[in-house]
Amino acid sequence: MQLTSQQLKTYEDEGYLLLPNCFNPAEVEVMRTQANALCLQDLPGKVIKKDGKTVRIIHGAHLENKIFHRLVRHPKLIEPVMQIVGDSSVYIHRCSLNFKPAFADTMWSWHQDSYYFCKDDGMPTDAAAIAMVFLDEVNEFNGPTLLMPGSHHEGLINPIAEEEEASALEQKQYLKYRRTQYMLSRTTVSKLVEKYGIVAPKGAAGSVLLFHPSCVHGSAPNIMSPFNRTIVVIAYNSVDNIPIPVENPRPEYLAGKDYRPLEQLREDALLSTIG
Ligand code: MN
């Protein structure tokens, strides 16, 4: 599925693009069933919340499960992503299942994915692309991903750890809501929002949100709604942007080391029983 030149321009200008109803209900059902099955397995990339039972995230889903192994190779994702990174082949840097259950306080603080990719994983540039596949409807109630459109033009932005503009008490209060290591400070977020604003792309299950890894994003808790919000987050990287080895590499499920270009599967890959 090729993006039009208008869609590519929107992505370049805004740093994101929503593709509504990309996958059909049968494909979504297959993925949702497999996501729930993975929750019951003991996996190295599984992160449980402090309550000891709620699954927050499963990293490396494409390494553990046939359906997600196929999803990351699906033409509906690979073709647009290859266009985005400049018609180059891509490999998987990371593929995670991200769970935000009904009435749960799961949230993600404001951050840039590229900060992790470049600082922790040795990626030379931010020439990667994120594809978020909605396995549930994403609406205004269940904690949609919030993005600052155009903020990817800023490049890498210093996170809170490198800033001291807030008082000790403010820092302490704000840090209570830190859910990502490289969370941006309140001052930085305020300045960026004044410049770029905030959008919350929403859509039916099966929709795909493409965004630039330097586009600032986060999401609020789903504490008020009875709607689950499960998404698959896939970070594709160009084979022309392979990381430089770092001293303490993160595990394979967080930072993929298989740099072979992904082979594209057929359109019916998720529903086919072959393979
Ligand atoms: Mn992120």
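Only a predicted model underlies this, so the values are computations on that prediction, with no experimental measurement involved. Counting starts at 1 for both ligands and their atoms, following the listed order.
Cluster annotation: V208 is connected to L8 through the hydrophobic network of ILVMFWY side chains, with a link wherever side-chain heavy atoms come within less than 4.5 Å.
Between D136 and R32 there is a salt bridge, since a side-chain N of the basic residue sits under 4.0 Å from a carboxylate O of the acidic one.
The set of protein atoms (N, O or S) found at less than 2.8 Å from the Mn ion (ligand 1) reads H111 NE2, D113 OD1, H217 NE2, by chain and number.
The shortest non-hydrogen separation linking Y16 to F211 is CB-CB, 3.8 Å.
Here Y236 and Y91 keep their ring centres 6.0 angstrom or further from each other.
Under the side chain to side chain donor-acceptor pair (under 3.5 Å) test applied with H93, the options N237, D113, D121 reduce to a single match, D121.
There is no side-chain donor-acceptor pair under 3.5 Å between S190 and T187.
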